[in-house]
Amino acid sequence: MRASQFFMPTLREAPAEAELPSHQLLLRGGFIRKLAAGVYTYLPLGWRVIRKIEQIVREESDRIGGIELFMPALVPEELLDETGRSKLDILFKLKDRHQRPFTLGFTHEEVITDIVRHTVSSYRQMPLLLYQIQTKFRDEPRPRGGVIRAREFIMYDGYSFDTDEQALETMYQKVRRAYTRMFQRMGLRTLIVDAEAGAIGGGSNEEFMILADSGEDKVLQCDKSGYAANAERCELPDPKLTPPPIDDVPPMQKVDTPNARTVEEVCAFLNTTPDRLVKTLLMRVDGKPVAALVRGDRELNPYKLMRAAGGESVEMMDAETIQHLTNAPVGFAGPVGLPPEVPIYADYELRGLQDFITGANAPDAHLIHVCWGRDFPEPIWADLRVAQAGDPSPRHPEGVLREVRGIEVGHIFQLGTKYSQAMGAMFTDADGTQKPIIMGCYGLGVSRCLAAVVEAHHDEDGIRFPITVAPFEVILILVNPEDAEQRAAAERLYAELLALGVEVLYDDRDERSGVKFKDADLIGIPLQVVVGRAVKDHQVELRLRTDKNPERLPLDHAAQAIAERIQAMKAALQPTEEV
RNA sequence: CGGGGCGUAGCGCAGAUGGCUAGCGCGCCUGCUUUGGGUGCAGGAGGUCCCCGGUUCGAGUCCGGGCGCCCCGACCA
């Protein structure tokens, strides 16, 4: 491609709207352009990278037997009614001319399950792995960081169908290895972490994170074992604390705490510290009221409560019900005197705490000298609090959790029968019985990977693309277009590189050399070939975007040498993981 | 949805206390110049000052309402 004929509007200054390096560089380099919040055009350079990423994802999916198809972006809302997901607030909704409600596809479990329930009826038709690469629509509450979190974005989504849990596990592990290979090929070093399933649901699931300080997700990593988990999922061990003796604890006593609702306010009022307080959170698990106790300086992880209570959904209780249950406004709930039908769960840590302060279930009042087992029944002990850096590892006795930040680029799920059950996707097994199909689903953010690659590979001059996803492999810089000798050499080398199948961007623009060098660095092409003054010696210069020391090549052999160099650079990104 | 910030030329910005033809840098166009890291000189084009309403002799500037965008948090596949 000749740069003079190409469309690459680079910017000297970064637009003020961009803060993350990847966002700034993609904008400046002419890879993307914003149309609305979280809605982006992929300009030619960006689109070339997207297509490279897609191709890697395709090849690795096909390698493990995946079959590509393409589903509609328009999804009838009633299909999502079957699983209850039509209620999700991130859906873009619209109506057709007959006022029939549609949504724009945000993920396609229902659509693929609809196809499969009408076409797969025998165990002989499985295992099956179907996938697509398609634009997804999610009306995110807060789009962020350019294409990192967009409202319209390109996603790979794969769906597997198996006859039993064992087969699903085999499939899941295959996809997991394929993902590892995909990211390796893109030059992304990923960390696989345990995760929350969110709106997708189902059983065990893992996220692929690339580590970056700008990442949205908090990841906790054990420094002794290989355990790593999204902070929202991270388990904590039962410290097996011995309850302190309560013989000398004075009787429970009600004290007035006017307008003191938050932990800070109560502590200030009673002149104590948050670790002497026990917070009582009233929640609903599968719609039923549940109380959760955590220490005042801790945070409840609602998903942990949900799992401890054996439920599938969890939400905060509304203020009205809290008022009704506790006879007090929000802020004064406590475990003492709750209706017996409200089960009380408490974090493991509280087993080692007695003589604490809680809400009194009365307006403007708290209780002091409270003891569990004495003033209210012994609660159900469970791991309930949000893990944080410095907490003990759940997998190693001496391990400590450390916090890192990550960008989630992939998420894989063992769904089980969540969708097949809800939508009636059944098959006949070898023994003639009807069973629900066992599903898995696998998402990978293609457009997010574009940003992630830049986030992981840049310096102060611009992007440093790994050769496997670079928009071009080589940029051929003609220093002085007026110089006939240079021009002839560049034209010749350009033709030779094209003939060898090299993806080359030939900067033949009528610009000063400085502009060309700056642009070359900015857009991050991994190999720069400079046709300049060395032409007098029948030589050109080859330099790497990552190492500016030039190497001189004789013009006659330059094309071949460059092609070989590209092969070597690609080989270095070949995945090590086998499937 | 809560908190903070911003909206003036394609991009980055300046335009106290209301006042004349609304500025600067970059980019763009023309000519010359220059050709190994965003060259220099000269000339030029380009604006519903986010929108609506109000106050005023007069509003980019003040007031009211709205919209858009960014950041932090909540949320998140």
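Order of the sequence lines sets the chain letters (A, B, ...), proteins ahead of strands, with each chain counted from 1.
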Side chain to side chain donor-acceptor pair (under 3.5 Å) evaluation trace for A/E110 with A/T83:
CA-CA 8 Å; A/E110 286 86 354; A/T83 55; 2.5 Å; yes

Taken to the nearest 0.5 Å, the spacing of A/L555 CG from A/Q539 CD works out to 9.5 Å

To the nearest 0.5 Å, tell me how far A/L94 CG sits from A/T103 OG1.
8.0 Å

Distance between the [atom1] atoms of [N] and [M], in whole angstroms?
N: B/rU48; M: B/rG7; atom1: C1'; result: 15 Å
N: B/rG53; M: B/rG15; atom1: C1'; result: 25 Å
N: B/rG47; M: B/rC57; atom1: C1'; result: 25 Å
N: B/rC67; M: B/rG23; atom1: P; result: 33 Å
N: B/rC11; M: B/rA74; atom1: P; result: 32 Å
N: B/rG36; M: B/rG73; atom1: P; result: 48 Å
N: B/rA59; M: B/rC20; atom1: C1'; result: 14 Å

If you only use heavy atoms from C-beta on, which nucleotide in [options] is closest to the side chain of [X]?
X: A/R512; options: B/rC13, B/rU34, B/rC70; value: B/rU34
X: A/P15; options: B/rG12, B/rC70, B/rG36; value: B/rG12
X: A/R12; options: B/rG36, B/rC70, B/rU39; value: B/rU39
X: A/N480; options: B/rU35, B/rG38, B/rG12; value: B/rU35
X: A/P481; options: B/rU35, B/rG37, B/rC71; value: B/rU35
X: A/R144; options: B/rC69, B/rG36, B/rC71; value: B/rC71

Quiz item: [X] side-chain donor-acceptor pair to [N] base, under 3.5 Å:
X: A/R543; N: B/rG37; answer: yes
X: A/D521; N: B/rG37; answer: yes
X: A/E541; N: B/rG36; answer: yes
X: A/R142; N: B/rC75; answer: no
X: A/E13; N: B/rG38; answer: no

Using a heavy-atom cut-off of 4.0 Å across all strands, would you classify [X] as base, sugar-phosphate, or nothing?
X: A/A520; answer: nothing
X: A/F137; answer: nothing
X: A/R28; answer: base
X: A/A18; answer: nothing
X: A/A195; answer: nothing
X: A/E17; answer: sugar-phosphate

Working for ring pair (Phe, Tyr, Trp, His ring centres under 6.0 Å), residues A/F31 and A/F465
CA-CA 13 Å; A/F31 291 78; A/F465 276 114; 5.6 Å; yes

Check for a donor-acceptor pair, side chain of A/Y303 on one end and backbone N or O of A/S313 on the other, with a separation under 3.5 Å.
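Looks like no, no N/O pair under 3.5 Å.
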
Taking A/K304 for the side chain and A/C234 for the main chain, is one N or O donor matched with an acceptor at less than 3.5 Å?
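Answer holds: yes.
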
Tell me, please, whether A/F517 has A/R543 positioned over its six-membered ring: NZ or CZ under 6.0 Å from the ring centre and within 45 degrees of its axis?
yes

Heavy-atom nearest pair, A/T280 first then A/A291, reads CG2-CB, 4.4 Å

Report the residue (A/H23 or A/F413) whose heavy-atom-nearest nucleotide on RNA chain B is the more 5′ of the two.
A/H23

Starting from the 5' end of RNA chain B, give me the residue, A/K548 or A/I200, whose nearest nucleotide shows up first.
A/K548

Between [N] ([atom2]) and [X] ([atom1]): distance, integer Å:
X: A/K516; N: B/rG36; atom1: NZ; atom2: P; answer: 11 Å
X: A/D519; N: B/rG36; atom1: CG; atom2: P; answer: 17 Å
X: A/E299; N: B/rC75; atom1: CD; atom2: P; answer: 8 Å
X: A/E511; N: B/rU33; atom1: CD; atom2: C1'; answer: 15 Å
X: A/L27; N: B/rC70; atom1: CG; atom2: P; answer: 11 Å
X: A/L478; N: B/rU35; atom1: CG; atom2: C1'; answer: 10 Å
X: A/M316; N: B/rA74; atom1: CE; atom2: C1'; answer: 11 Å
X: A/L35; N: B/rC69; atom1: CG; atom2: P; answer: 10 Å

Residues forming a salt bridge (charged side-chain N to carboxylate O under 4.0 Å, His left out) with A/K548, sequence neighbours excluded
A/D521

Identify each donor-acceptor pair in which a side-chain atom of residues 407-414 of chain A lies under 3.5 Å from a protein atom, sequence neighbours left out, and give them as a table.
from: A/E408; atom 1: OE2; to: A/H411; atom 2: ND1; distance (Å): 3.2
from: A/H411; atom 1: NE2; to: A/N205; atom 2: OD1; distance (Å): 2.6
from: A/Q414; atom 1: NE2; to: A/E169; atom 2: OE1; distance (Å): 2.8

Using the purine O4'-C1'-N9-C4 or pyrimidine O4'-C1'-N1-C2 torsion, is B/rA16 syn (within 90° of 0) or anti?
syn

Bracket notation of RNA chain B in which parentheses pair within the strand, [ ] cross earlier pairs, and | pairs with another strand (Watson-Crick or G-U, under 3.5 Å)
(((((((..((((.....[...)))).(((((.......))))).....(((((..]....))))))))))))....

